[in-house]
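The chains referred to below are lettered A, B, ... by the order of the sequence lines, with proteins before strands, and numbering in each begins at 1. Computation of the quantities below employed the complete heavy-atom set of this structure, encompassing side-chain atoms and omitting hydrogens, waters and symmetry-equivalent molecules.
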Amino acid sequence: MPGKTYYVTTPIYYVNADPHLGHAYTTIMCDILRRYYDLLGYDTYFLTGTDEYGQNIMRVAQQSNRDVKEMVDANSAKFRALWPQLNITNDDFIRTTEERHSRVVQAILQRTYDNGDIYMAEYGGNYCVRCERFYTDKETEQKPGFCPIHETELEHIKEKNYFFRLSKYQDWLRERIESDRQFLAPNQFRNEVLALLRDPLDDLCISRPVERLHWGIPLPFDDKFVTYVWYDALVNYMSALGYPDDEKFQKYWPETTHMIAKDILRQHAVYWPCFLKAAEIPTFKRLRVHGWWTVEGKKMSKSLGNVIDPVEEANKWGLDVFRYFVAREMTFGSDGDYSAKSLVARNNAELADDLGNLLSRVTAMVGKYCEGALPALSEPTDADQTLLRGLNDLIDALPGHLENCTIHSFLAKVNQVVTLTNRYITEQAPWAKFKAGETDRVGTILAVASQMLIGAGHLLYPVMPERMAELLEAFGLGQPESLENTAPPAGNKIQPAKPLFPQLEYIEPTLEAPESQAAPVKPEIAFEDFAKVDLRIATVLEAEPVPKTDKLLRLTIDLGMEKRQIVAGIAQFYKAEEMIGRQIVVVANLAPRKLRGLESKGMLLAGRDGETAILLGPGGDLPAGSEVS
RNA sequence: GGCGAGGUAGCUCAGCUGGUGAGAGCGGUGGAUUCAUAACCCACAGGUCGGCGGUUCAAAUCCGCCUCUCGCUACCA
């Protein structure tokens, strides 16, 4: 079988933040895949890297008063330094700021331009200075002329930019996805993209004028512009292979698997294939999409202060236990929860009690009953063969799991086989047979069990290379070179193994003083500024949900001097009926605003803490219209 | 509100194109055993398979409606 190849990529990680659990998971999954394909005899290539251009990077650099290049060098180095600590075997690490990359980006852009799929158009748009982006009318239909995020007035700017004819490839793309189930998986993401393709796609703006953004790759056909956002990033998967001339590209590109998290699905499932098609380059073979990690049931976020540092976890639990846990715990494609309790539970049940203990009992018995030398497998019984067949079944099942990245369920199957081996030993009771003098049979039983352990060691090696190397070493074996299920090497001296996976203890976290999750205090203002705000007590007279919204209530309030209507985003916290009669605090002199077509003259005040909101009101009854100061 | 994914034993979930009396792991209870990391092995869960209706000789598995949860999105002055 000549030239079986496999190429797997992580996304290039954006260097505006430190690496966390999510980055580690994606990369570990890729590493596991590449190691499995290695064992299956494929010629493999594994790429990761960093994405370093763009406005966000510019802004972060400016805010921290750093030179951009110096900053991206430092942040990229953090990622580069992380991977060896997680035993990641990437072959290359590409940075978008490298010349070998920008050269290819420009070549692809030029080719696409020459083919007529990039055109210039004047974009008369509404621009938000703070977002540094344009908004479509559709995006601002609630409040035309205002930024939906900052709610500041948008500037009308006329700007020329280059656009990619994404719409031209919509039908082709739908056909591509529909005709090949392996192209995009798991299924929920395939459905999502197909649903998205039911509506017409807009052409994609792919440039920014240099005067607004110089931190980017210049368009080859117009140096007054840099390419914006996606061309410069996605092309890394090709440029790292030395497109177009390097033989690596010919060799690996047809067998490309892109691994991503679900947040960049659209870019990889829609933009990227179309970019490739337009440049007359074959599309990648597979896109695989995984979910996000929560931490102890909560979304991982900087503001919650629960961002998981993978190195810290690897140090705490052991690198291989960490790798095993993330691969085993997250159902591929769904979100998973990272919790110390379940990590400890999985370690103790699956690794320590089942696998580790199996190694312990087998090596101990070889020591006691066979003078420490691995016995020969002779005259296998039906029970022996049935058990050994389980190993073959596992090996046969592996390619399917790799294709779909369902490592989690493959690991479950390996566990089952380990459990069967434990049961087999109990049923065969070699200790009893030894007492009965059946030493040959005892030898065979231990040989079978050893073969099972060695097989499991091979099959788990890509996930836990260090611990499985120890396991194999106990049988006098080196690192696996293939997955063939062969008889154990009789005569090898067996070393009674020290516990391969020690029991871990889960300690209920003591109630530390909760780290403050309060938002930072805004810049100081003068009293005169505060005095401009007219706060009043008001009584709610009427309340009803605003149709077709989840969060809005329309309220009629009594302000003493007048009644007025306000629209408030509190429907998730208060029912309309419980609002009526309640006294609240409102900003009475706020400029009116239309929400969902309803005018809101004022804003009510509520205390907010992440998921909850509580209305502010007077401690006792006050006449409607009373001032608050 | 739109799109997507789901609601199966206390918990986490398997159950593909409909058909032996509905499963696994964890936890819990009881038992057996001693080779082993107080590990392993065995037995025990009587769960309206979210609800209602339909198709069928037969539905957790197909269709319709409803309901709830989660994700993305809209919206939240």
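Interface remark: the A/N357 side chain does form a donor-acceptor pair with the B/rA36 base, using a distance-only criterion of under 3.5 Å.
Checking the phosphate oxygens (OP1, OP2) of B/rA36, a side-chain nitrogen or oxygen of A/K368 falls inside 4.0 Å. OP1 or OP2 of B/rC42 lies within a sub-4.0 Å distance of a side-chain N or O belonging to A/R423. Between A/N191 and B/rA5 there is a side-chain polar atom (N or O) within less than 4.0 angstrom of OP1 or OP2.
A distance of about 16 Å separates the P atoms of B/rG25 and B/rA9, rounded to the whole Å. When the P atom is compared between B/rU12 and B/rU17, the two are found 25 Å apart, to the nearest whole Å. As rounded to the nearest Å, B/rC26 and B/rC16 have C1' atoms that lie 26 Å from one another. Rounded to whole Å, the P atom of B/rG64 lies 29 Å from the corresponding atom of B/rG21. Nucleotides B/rG10 and B/rG46, compared at atom P, are 9 Å apart to the nearest Å. Going from the C1' atom of B/rU33 to that of B/rG27 covers 23 Å, rounded to whole Å. The separation of B/rC3 from B/rC41, taken at their C1' atoms, amounts to 50 Å, rounded to a whole angstrom. If you take atom P in B/rU56 and the same atom in B/rG18, they sit 16 Å apart, rounded to whole Å.
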**Message:** salt bridge (charged side-chain N to carboxylate O under 4.0 Å, His left out), that's the test. Do A/D180 and A/R190 meet it? Break it down for me.
**Reply:** CA-CA 10 Å; A/D180 180 5; A/R190 186 170 180 269; over 6 Å; no
**Message:** Working note: A/E403 + A/R288, criterion salt bridge (charged side-chain N to carboxylate O under 4.0 Å, His left out); need CA distance, chi angles, decisive distance, verdict.
**Reply:** CA-CA 9 Å; A/E403 178 69 42; A/R288 294 295 175 264; 3.2 Å; yes
**Item:** Evaluation steps, salt bridge (charged side-chain N to carboxylate O under 4.0 Å, His left out), between A/R564 and A/D558
**Value:** CA-CA 7 Å; A/R564 54 164 87 168; A/D558 181 359; over 6 Å; no
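A salt bridge between A/E192 and A/R266 is absent, with no side-chain N of the basic residue lying under 4.0 Å from a carboxylate O of the acidic one. Taking the charged nitrogens against the carboxylate oxygens, A/D335 and A/K262 do have a contact shorter than 4.0 Å, which makes a salt bridge. With respect to A/D396 and A/R389, no salt bridge is recorded, no charged nitrogen being found less than 4.0 Å from a carboxylate O.
Whole-Å rounding puts the A/H408 NE2 to B/rG25 C1' distance at 14 Å. When the P atom of B/rC40 is taken as reference, atom CG of A/N415 falls 12 Å away, rounded to whole Å. At whole-Å resolution of the value, CG in A/N422 and P in B/rA32 are 21 Å apart. The separation between A/L351 atom CG and B/rC26 atom C1' is 15 Å, rounded to whole Å. The separation between A/Q503 atom CD and B/rA39 atom P is 6 Å, rounded to whole Å. Distance, A/R346 CZ to B/rU37 P: 25 Å, rounded to whole Å. Across the protein-nucleic acid pair, A/L446 atom CG and B/rC35 atom P stand 13 Å apart, rounded to whole Å. As rounded to whole Å, 21 Å separates atom P of B/rC40 from atom CD1 of A/I445.
Of the candidates B/rG4, B/rC35, B/rU37, B/rG4 carries the atom nearest the A/Q188 side chain, counting heavy atoms from C-beta on. Side-chain proximity of A/M365 to the nucleotides B/rC40, B/rG4, B/rC35 is greatest for B/rC35. Considering only side-chain atoms of A/S360, the nucleotide from B/rC40, B/rC35, B/rA36 that sits closest is B/rA36. Across B/rU37, B/rU33, B/rC26, the shortest atom-to-atom separation from the side chain of A/W431 is found for B/rU33. Which of B/rU37, B/rG71, B/rA36 sits closest to the side chain of A/K262 comes down to B/rG71.
Across all non-hydrogen atoms, the minimal contact from A/D337 to A/F325 is O-CZ, 4.2 Å.
In terms of position on RNA chain B, the residue among A/E350 and A/W292 whose nearest nucleotide sits closer to the 5' end is A/E350. The nearest heavy atom of RNA chain B to A/F501 and to A/Y424 marks one nucleotide each, and the one closer to the 5' end goes with A/F501.
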**Prompt:** Which dot-bracket string fits RNA chain B when only Watson-Crick or G-U wobble pairs with both atom distances under 3.5 Å count, crossing pairs get [ ], and | stands for a partner on a different strand?
**Reply:** (((((((..((((.....[...)))).((((.........)))).....(((((..]....))))))))))))....
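Within the 4.0 angstrom heavy-atom criterion, only backbone atoms of the sugar-phosphate kind lie near A/A364; the bases stay farther away. Counting non-hydrogen atoms under 4.0 angstrom, A/T419 reaches the backbone sugars and phosphates but no base. Counting any heavy atom pair closer than 4.0 Å across all strands shown, A/L359 reaches no nucleic acid atom.
Neither side chain, A/Y324 nor A/E329, offers a donor N or O lying under 3.5 Å from an acceptor on the other. At a cut-off of 3.5 Å, with distance as the only test, a side-chain donor of A/T539 or A/Q583 sits close to an acceptor on the other residue.
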